[in-house]
S.K.: 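Let me give you the structure first, and then I'll get to my questions.
These numbers come from the heavy atoms of this one structure, side chains and all, not from hydrogens, waters or symmetry mates. In this text the structure is predicted, and so the values were computed from the model without any measurement.
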There are 2 protein chains.
Amino acid sequence: MTTRTALLDAAEHAARTRGFDAFSYADLSRAVGIRKASIHHHFPAKADLAHALISRYRESFALSLKSICEMNETAGARLSAFLDSYRSALSGGEAVCLCVAFSTGRDSFQDPVLAELDGFHRDCLAWLENVFTQALQDKSVSGAGAADAEASACLALVEGAQLIARAARDPRRFDDATTVFRGRLVNRN
Amino acid sequence: MTTRTALLDAAEHAARTRGFDAFSYADLSRAVGIRKASIHHHFPAKADLAHALISRYRESFALSLKSICEMNETAGARLSAFLDSYRSALSGGEAVCLCVAFSTGRDSFQDPVLAELDGFHRDCLAWLENVFTQALQDKSVSGAGAADAEASACLALVEGAQLIARAARDPRRFDDATTVFRGRLVNRN
DNA sequence: GTCTATAGACTGATAGAC
DNA sequence: GTCTATCAGTCTATAGAC
């Protein structure tokens with residue numbers, strides 16, 4: 001593994017557990033085992049690190065959504081897998097997804113990072129809207145309404161559930177918050 | 001207005017728009033018009049300020065929930081007013097409620113503050129559970145399931161919706177995320 | 001690519017005069 | 001209660017040797 005990748009991994013972990021502004025190059029230095037100054041060789045400013053982080057995350061998340069579609073046929077099964085991925089991102093209640101972590105500290109960021117963050121949200125909402133549109137056909141989500149409204153509500157629900165679970169350091173809070181929604185999903189595949 | 005109150009007001013505004021760790025005594029100094037050192041007379045450590053903030057907020061929120069119950073009869077109308085209060089806390093997309101702001105920066109806080117924050121969550125969930133229990137009787141929320149599950153989902157929804165709206169600096173995102181839920185409320189009073 | 005050394009700004013916090 | 005002055009610690013970032 002390259003030093004650059006090790007730095008990105010350590011930074012992602014720190015950002016998701018403590019927030020982007022709450023870790024320093026000194027923390028990364030300790031985690032990866034090189035000096036602070038050496039990190040600046042890979043990411044001259046912390047803004048460069050932020051951009052690399054969110055950009056890598058956006059790409060990997062897009063792949064993950066694609067994989068969900070390949071492995072699940074019905075809208076209900078796809079949404080169930082979507083919930084699972086947000087649930088597993090909690091890491092036992094210690095972390096939130098990078099998207100939530102960056103949303104809470106949005107002030108620190110400049111245009112290139114904000115654009116990538118907005119792009120992430122758009123990707124996610126577009127995918128959800130597609131799946132909820134499919135749900136109207138295949139009847140695999142009970143009581144499904146307008147696809148765009150359902151998509152917005154679903155994203156807010158999982159992000160809010162992550163926030164609450166991490167605040168309580170208890171992933172069961174995520175399960176509590178998503179119980180009603182899960183009950184609407186017809187889980188045959 | 002006392003200096004102490006002016007400091008709390010300025011701190012609350014800063015915490016809700018930028019986060020508790022993102023403002024300094026220097027910022028408060030500028031906002032209120034006294035020197036940094038003078039702030040330490042009112043709040044010796046920043047942790048004392050955090051405690052005073054969340055404690056004041058918890059009390060005023062409890063009063064606000066009580067007022068909602070006095071002014072609205074049905075569960076549907078009460079939940080609609082609950083949504084309104086979270087929606088108006090957005091301040092045009094610039095802020096989140098103090099509870100969300102403190103949840104995102106939970107690492108910075110010590111026990112007395114965390115206890116108050118947890119208490120706030122408990123208060124809020126207990127109130128919601130009561131209202132959803134009422135909804136099973138008065139039929140003012142369509143498709144209502146188990147009260148505790150509905151309460152957890154409702155809190156996650158409004159907190160997630162605030163997060164997304166503030167990230168986009170656009171309060172309409174809050175409306176988008178809460179459209180489906182609003183549609184379930186029977187709004188006669 | 002990694003290092004030592006350092007700069008310059010900001011943080012929360014304290015001492016002591018008025 | 002507010003002030004000036006100052007502290008030690010942290011932060012991001014840079015210069016230049018190896």
S.K.: Closest approach to the side chain of B/Ile34, judged atom by atom: which nucleotide of D/dC3, C/dT2, D/dT12 is it?
M.R.: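 Within the option list, the nearest is D/dC3.
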S.K.: Rounded to the nearest angstrom, tell me the gap between atom CZ in A/Phe20 and atom C1' in D/dC11.
M.R.: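 So the two atoms are 13 Å apart, to the nearest Å.
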S.K.: Polar atom pairs between nucleotides 4-7 of chain D and protein, under 3.5 Å, N or O only, would you list them?
M.R.:
unit_1: D/dT4; atom_1: OP2; unit_2: B/Arg35; atom_2: NE; d: 3.0

S.K.: May I have the distance from A/Lys46 (atom NZ) to D/dT14 (atom P), rounded to whole angstrom?
M.R.: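 Interatomic distance, NZ of A/Lys46 to P of D/dT14: 15 Å.
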S.K.: Distance-only, no hydrogens or angles: does the A/Arg35 side chain make a donor-acceptor pair with backbone N or O of A/Ala26 under 3.5 Å?
M.R.: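 Checked: no pair found.
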S.K.: Round to a whole Å and report the spacing from CG of A/Asp21 to C1' of D/dT12.
M.R.: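 It is 12 Å, rounded to the nearest whole Å.
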S.K.: Ring centroid separation for A/Phe120 and A/Phe102, is it under 6.0 angstrom?
M.R.: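 Not close enough - the centres of the two rings lie 6.0 Å or further apart.
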S.K.: For DNA chain C, which residues in residues 5-18 of chain B have a heavy atom at a distance below 4.0 Å?
M.R.: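 Result for residues 5-18 of chain B: none.
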S.K.: How close or far is atom C1' of C/dG1 from atom CE of A/Met1, stated in whole angstroms?
M.R.: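 Atom CE in A/Met1 sits about 17 Å away from atom C1' in C/dG1.
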S.K.: Whole-Å distance between C/dT2 P and A/Arg4 CZ?
M.R.: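 So the two atoms are 13 Å apart, to the nearest Å.
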S.K.: Can you pull the ring pair (Phe, Tyr, Trp, His ring centres under 6.0 Å) pairs that have at least one residue in residues 33-52 of chain B, sequence neighbours excluded?
M.R.: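 Passing the test, one end in residues 33-52 of chain B: B/Tyr25-B/His40.
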S.K.: Check the distance between D/dT10's C1' and A/Arg30's CZ and give it to me in whole angstrom.
M.R.: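 The distance from CZ of A/Arg30 to C1' of D/dT10 comes to 11 Å, rounded to the nearest Å.
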S.K.: Sub-3.5 Å donor-acceptor pair from the side chain of B/Arg173 to the main-chain atoms of B/Ile164, do we have one?
M.R.: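 No: the side chain of B/Arg173 does not pair with the backbone of B/Ile164.
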S.K.: Picking from D/dT2, D/dC11, C/dG12, which would you name as closest to the side chain of B/Ser24?
M.R.: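 Shortest atom-to-atom distance from the side chain points to C/dG12.
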S.K.: Looking for any heavy atom pair under 4.0 Å, which part of the strands does A/Phe43 touch: base, sugar-phosphate only, or nothing?
M.R.: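 Touches nothing.
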S.K.: Respond yes when some side-chain nitrogen or oxygen of A/His41 is under 4.0 Å from OP1 or OP2 of C/dG1, and no when none is.
M.R.: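 Yes, within the criterion.
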S.K.: Are any of the side-chain nitrogens in B/Glu150 or B/Arg184 under 4.0 Å away from the carboxylate oxygens of its partner?
M.R.: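 Looking at B/Arg184 together with B/Glu150, the answer is yes, because their closest N to O distance falls below 4.0 Å.
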S.K.: Under a 3.5 Å distance rule, please check whether A/Asp27 uses its side chain to pair with a backbone N or O of A/Ser24 as donor and acceptor.
M.R.: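 Yes, A/Asp27 side chain to A/Ser24 backbone: donor-acceptor pair under 3.5 Å.
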S.K.: Expressed in angstrom and rounded to an integer, what is the separation of A/Leu28 atom CG from C/dT2 atom P?
M.R.: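 Whole-Å distance recorded here is 14 Å.
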S.K.: Expressed in angstrom and rounded to an integer, what is the separation of B/Tyr25 atom OH from D/dC3 atom P?
M.R.: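 In whole Å, D/dC3 P and B/Tyr25 OH are 15 Å from each other.
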S.K.: Looking at B/Arg122 and B/Glu129, is any side-chain nitrogen of the basic one under 4.0 Å from a carboxylate oxygen of the acidic one?
M.R.: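 Result for this pair is no, no salt bridge flagged.
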S.K.: If you compare every side-chain N and O of A/His40 against the phosphate oxygens of D/dA15 (OP1, OP2), does one of them come in below 4.0 Å?
M.R.: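 Answer no for this pair, as no side-chain N or O of A/His40 is under 4.0 Å from OP1 or OP2.
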S.K.: Does a salt bridge link A/Arg16 with A/Glu12, judged by any charged N lying under 4.0 Å from a carboxylate O?
M.R.: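 Looking at A/Arg16 and A/Glu12, the cut-off is met.
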S.K.: Has B/Thr2 got a side-chain atom pairing as donor or acceptor with B/Thr5's backbone, closer than 3.5 angstrom?
M.R.: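 Present.
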S.K.: Does A/Thr3 make a side-chain N or O approach to OP1 or OP2 of C/dG1 shorter than 4.0 Å?
M.R.: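 For A/Thr3, the contact criterion (side-chain N or O under 4.0 Å from OP1 or OP2 of C/dG1) is not met.
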